[in-house]
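Structure, as structure tokens:
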Amino acid sequence: MPWVLLVRWVVRLALALAFWRVGTARRAAGVPGAPPLRRPPGAPRIDPRAAAAAVREGASLGWRTLSAAAFLAAAIVLLTAGVTTTVLSPRWLGGLLLGLAVASVGVSALELRSAVLLLAARRRRRHDRELRSSLS
């Protein structure tokens, strides 16, 4: 298999993931300093904003987990290709692929860390919500 095709495929995948990540970045949830909304007695119990925030949070968490898995898989492929290329053919290409593998592992670690931080923030929010509801 020509190595140019493999490198081109990996670069396209990385660029697509980067563009998707930038395009779906989480935006601010609300206006700072806005008064909290009071629910009238006859209003439905489901808050549309909270539901949309929950969906957005779940999608963000799923995206981060999926992108971390994709970067980890790319790192495994690049590591295998880099070691093989370093041993059998031009060493500069193997070194380049190994460097890309290290970068992919780093990005995967950052995505996993951000997913863990999202989970911790969700856990704190739910705990705060439970405390507020128990005090009411």
Side-chain angles (χ1 to χ4, degrees):
M1 174 177 191
W3 293 107
V4 174
L5 293 176
L6 178 66
V7 171
R8 185 182 298 169
W9 180 78
V10 169
V11 167
R12 283 183 184 172
L13 179 65
L15 284 175
L17 285 174
F19 282 127
W20 184 263
R21 176 73 183 99
V22 169
T24 59
R26 185 175 175 163
R27 288 157 183 85
V31 178
L37 297 175
R38 294 276 181 191
R39 183 171 56 94
R45 296 183 57 92
I46 296 176
D47 182 19
R49 289 185 183 182
V55 168
R56 186 176 57 234
E57 181 182 13
S60 178
L61 183 62
W63 165 251
R64 288 185 187 273
T65 306
L66 181 66
S67 65
F71 276 115
L72 196 58
I76 292 169
V77 169
L78 286 169
L79 181 68
T80 304
V83 169
T84 304
T85 306
T86 302
V87 171
L88 297 177
S89 57
R91 291 177 190 247
W92 64 269
L93 182 59
L96 178 70
L97 292 174
L98 288 173
L100 287 172
V102 168
S104 182
V105 166
V107 171
S108 178
L110 288 174
E111 289 292 326
L112 281 176
R113 173 143 173 81
S114 62
V116 167
L117 291 176
L118 273 174
L119 283 174
R122 183 194 321 187
R123 194 176 307 120
R124 283 191 306 269
R125 261 193 313 277
R126 286 183 180 175
H127 181 68
D128 289 346
R129 191 178 316 128
E130 288 173 8
L131 283 177
R132 284 189 197 119
S133 67
S134 67
L135 293 177
S136 297

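What you see below is based on every heavy atom in this structure, not just the backbone, and it leaves out hydrogens, waters and symmetry mates.
One hydrophobic cluster holds both L96 and L78 under the rule that ILVMFWY side chains link at heavy-atom gaps under 4.5 Å. Clustering ILVMFWY residues whenever any of their side-chain heavy atoms sit less than 4.5 angstrom apart, transitively, puts V105 in a cluster other than the one holding V10. L66 and F19 fall into different hydrophobic clusters, where Ile, Leu, Val, Met, Phe, Trp and Tyr are joined by side-chain heavy atoms under 4.5 Å apart, directly or via other members. A continuous path of ILVMFWY side-chain contacts below 4.5 Å connects L6 to L100, so both sit in one hydrophobic cluster. A continuous path of hydrophobic side-chain contacts links W9 to L15 [ILVMFWY only; heavy atoms under 4.5 Å].
When every heavy atom of L118 is checked against every heavy atom of E57, the shortest pair comes out as O-OE2, 4.1 Å. The minimum heavy-atom distance between A68 and S108, with the atom names listed, is O-OG, 3.0 Å. The nearest pair of heavy atoms linking G94 to T85 is N-CG2, 3.6 Å. Minimum interatomic distance between T86 and G95 (heavy atoms only, all atoms of both residues): OG1-N, 3.9 Å. Among all heavy-atom pairs drawn from R64 and S114, the shortest one is NH1-OG, 2.8 Å.
Looking only at distances, no side-chain donor or acceptor of S60 sits under 3.5 Å from a matching main-chain atom of R56.
Rounding to the nearest 0.5 Å places CG of L112 at 11.0 Å from CG of L117. Atom CG in L97 sits 9.0 Å away from atom CH2 in W92 (nearest 0.5 Å). A distance of 10.5 Å separates NE2 in H127 from CZ in R132, rounded to the nearest 0.5 Å.
Cluster note: V116 groups with no other residue, as no ILVMFWY side-chain heavy atom lies under 4.5 Å from it.
By the side chain to side chain contact (heavy atoms under 4.5 Å, CB included) test, A74 is found to be paired with S104, residues two or more places apart in sequence or in another chain being considered. Under the rule for a side-chain hydrogen bond (donor to acceptor under 3.5 Å, both in side chains), T84 has no partner lying at least two apart in sequence or in another chain.
Within the 4.5 Å cutoff, the side chain of W63 has heavy atoms near those of the L17 side chain. Counting only heavy atoms from C-beta outward, the side chains of L119 and R122 approach each other to under 4.5 Å.
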